[in-house]
Novice: 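Input: one structure, supplied below.
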Number of protein chains: 2
Amino acid sequence: MDNTTRQQLVETTSRLLEAQGYHGTGLNQIIRESGAPRGSLYYYFPDGKEELAAAAVAEQGERMRDFTVAVLSQVADPAEAVDRVMAGMIEHFSASHFCGGAPLAAVALETAARSARLRTTCAAAYNELIAAFAAKLTAGGYPEIRAARLATVIVAGIEGAVILSRTQQSVEPLTRLREELHILLGCKVERM
Amino acid sequence: MDNTTRQQLVETTSRLLEAQGYHGTGLNQIIRESGAPRGSLYYYFPDGKEELAAAAVAEQGERMRDFTVAVLSQVADPAEAVDRVMAGMIEHFSASHFCGGAPLAAVALETAARSARLRTTCAAAYNELIAAFAAKLTAGGYPEIRAARLATVIVAGIEGAVILSRTQQSVEPLTRLREELHILLGCKVERM
DNA sequence: GTCTATATGACGATAGAC
DNA sequence: GTCTATCGTCATATAGAC
């Protein structure tokens with residue numbers, strides 16, 4: 001079984017979904033840009049577009065989590081570690097010409113109410129990413145409840161800041177989030 | 001000139017864009033659900049779908065800002081005022097069966113790289129919303145630079161938390177953001 | 001596994017009557 | 001201002017040869 005064609009399809013789909021969303025991306029474009037034969041698409045993904053998109057979403061989720069875990073493990077202090085993740089995100093976003101950074105957001109918004117399969121796949125990917133942040137924060141001494149809460153807010157903040165940054169064609173929303181996260185993670189607070 | 005038909009078109013488009021995004025919403029569905037005649041669409045919006053969507057985005061932006069300003073003006077303390085906005089958002093999101101809450105996010109993500117008209121319309125709407133929060137924070141004593149930064153982070157957090165909440169079909173991401181924003185707004189910090 | 005050809009329907013947009 | 005009919009294009013999906 002040749003996995004190259006399949007991988008090419010998933011790779012191209014991931015890239016296009018990130019920039020254009022689910023309904024904005026057609027199979028014709030995926031086939032054209034991946035160089036994969038049309039017949040192979042339905043061979044590897046019998047359920048068609050939805051199954052292919054789900055595979056792309058899952059892979060993008062893994063990629064985000066792997067990147068995050070790798071960066072977080074470079075520094076012991078959680079606040080500093082999250083700051084490095086933000087720096088990496090900002091760098092990646094700048095390099096993408098203001099098109100990248102939130103690979104799942106558009107698909108999640110478009111399909112949450114229409115496709116249970118894509119919704120749950122997105123949810124699983126987000127939950128793993130949140131869990132990665134939460135684990136780092138817990139290991140760094142934050143109480144578990146607050147660590148979970150902060151992790152959710154970090155991921156939400158990133159997704160939202162990417163929306164604003166893309167829309168404004170500027171990294172400023174992301175850099176502002178970076179600075180405020182640094183402050184927020186420094187807040188040891190009684191109320192939890 | 002009869003504005004009822006036009007208003008019906010914009011209203012219906014706003015609702016559908018919020019739930020399905022730009023490419024996921026067809027003119028046929030807009031015409032069917034609005035009850036507006038097909039001919040009227042191109043009479044009021046000669047540029048077709050893009051112009052209609054821009055009008056819907058602008059109106060949703062105004063609506064968000066008006067709602068935010070109204071709630072913020074109810075309480076003097078900025079942290080408490082933002083908390084009330086969050087409460088209102090959560091209530092609205094719950095009432096929408098996990099489909100509402102970020103009327104512009106999907107359109108912004110899908111079209112940022114494809115339509116200058118829609119991108120700038122989204123940017124203007126977001127900027128007005130951010131400005132509303134920033135004004136309240138500045139009036140409440142936050143330094144201007146930090147107020148602007150906090151305002152951006154609040155809006156970004158809301159957009160991202162709505163993505164997570166829709167995907168998980170739960171208000172928890174939004175409530176977690178609400179709690180952390182309360183903490184963040186309590187942080188008077190040297191670093192600005 | 002891959003290819004081409006095609007089925008079937010939805011899309012955005014337009015023309016011309018009224 | 002509204003309505004209907006229709007154009008041309010695109011979409012996803014499938015069938016059958018190789």
Side-chain angles (χ1 to χ4, degrees), chain A residues 1-57 106-107 109-111 113-119 121, chain B residues 1-57 106-107 109-111 113-119 121:
Chain A
M1 186 157 70
D2 181 11
N3 278 18
T4 302
T5 298
R6 191 194 135 99
Q7 187 55 28
Q8 265 303 310
L9 279 167
V10 175
E11 190 86 22
T12 303
T13 304
S14 297
R15 180 171 49 81
L16 293 175
L17 289 184
E18 181 168 7
Q20 305 174 342
Y22 183 75
H23 293 104
T25 302
L27 292 187
N28 290 331
Q29 189 182 12
I30 293 173
I31 285 157
R32 194 185 331 120
E33 299 199 13
S34 70
R38 186 175 202 75
S40 302
L41 195 157
Y42 285 94
Y43 173 79
Y44 290 112
F45 305 95
D47 285 352
K49 187 183 186 182
E50 190 183 26
E51 186 178 0
L52 173 57
V57 164
V107 178
L109 279 168
E110 288 175 277
T111 65
R114 299 179 126 188
S115 161
R117 179 180 208 163
L118 285 169
R119 187 184 65 73
T121 307
Chain B
M1 186 156 71
D2 180 13
N3 278 19
T4 303
T5 299
R6 192 195 133 98
Q7 187 53 29
Q8 265 301 313
L9 279 167
V10 174
E11 189 86 23
T12 303
T13 303
S14 297
R15 180 171 48 80
L16 293 174
L17 289 183
E18 180 168 7
Q20 305 173 343
Y22 183 75
H23 294 104
T25 302
L27 292 187
N28 290 330
Q29 189 182 12
I30 292 173
I31 286 157
R32 196 186 330 123
E33 299 198 14
S34 70
R38 187 176 203 75
S40 302
L41 196 156
Y42 286 93
Y43 173 78
Y44 290 112
F45 305 95
D47 285 352
K49 188 183 186 181
E50 190 183 26
E51 187 178 0
L52 173 57
V57 164
V107 178
L109 280 167
E110 288 175 275
T111 65
R114 299 180 124 187
S115 161
R117 179 181 208 161
L118 285 169
R119 186 184 65 72
T121 307

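Naming convention: chains lettered A, B, ... in sequence-line order (proteins, then strands); numbering from 1 in each chain. Model, not experiment: these values are computed from the prediction.
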Novice: Heavy atoms under 4.0 Å, any strand shown: does A/Gly39 hit a base, just sugar-phosphate, or nothing?
Specialist: base
Novice: Using whole Å, report how far NE2 of B/His23 lies from P of D/dT12.
Specialist: 12 Å
Novice: Can you work out whether B/Arg38 or A/Tyr22 has the more 5'-proximal nearest nucleotide on DNA chain D?
Specialist: B/Arg38
Novice: Looking at B/Tyr42, I'd like to know whether one of its side-chain N or O atoms comes within less than 4.0 Å of OP1 or OP2 on C/dG12.
Specialist: no
Novice: Step by step, would you call A/Glu50 with A/Ser115 a side-chain hydrogen bond (donor to acceptor under 3.5 Å, both in side chains)?
Specialist: CA-CA 8 Å; A/Glu50 190 183 26; A/Ser115 161; 2.5 Å; yes
Novice: Grab the CG-P distance between A/Leu41 and C/dT2 for me, whole Å please.
Specialist: 11 Å
Novice: Has the side chain of A/Glu110 got a donor or acceptor atom that lies under 3.5 Å from a matching backbone atom of A/His23?
Specialist: yes
Novice: Would you please confirm or rule out a distance under 4.0 Å between OP1 or OP2 of D/dT2 and any side-chain N or O of B/Thr5?
Specialist: yes
Novice: Give the C-alpha distance, both sets of side-chain angles, the deciding distance and a yes or no for side-chain hydrogen bond (donor to acceptor under 3.5 Å, both in side chains) between B/Thr25 and B/Gln20.
Specialist: CA-CA 6 Å; B/Thr25 302; B/Gln20 305 173 343; 3.2 Å; yes
Novice: Between C/dA10 atom P and B/Gln20 atom CD, what is the distance in whole Å?
Specialist: 15 Å
Novice: How close or far is atom P of C/dG12 from atom CD of B/Glu51, stated in whole angstroms?
Specialist: 15 Å
Novice: Find the distance A/Leu27:CG to D/dA13:P and express it as a whole number of Å.
Specialist: 6 Å
Novice: Quick one: B/Arg32 CZ to D/dC3 C1', roughly how many Å, whole number?
Specialist: 18 Å
Novice: Whole Å only: how far is the CZ atom of A/Phe45 from the C1' atom of D/dT14?
Specialist: 18 Å
Novice: Quick one about A/Glu33 and A/Thr12 (side-chain donor to acceptor, distance below 3.5 Å, no hydrogens or angles considered), yes or no?
Specialist: no
Novice: Calculate the interatomic distance between B/Asn28 atom CG and D/dA11 atom C1'; express it in whole Å.
Specialist: 14 Å
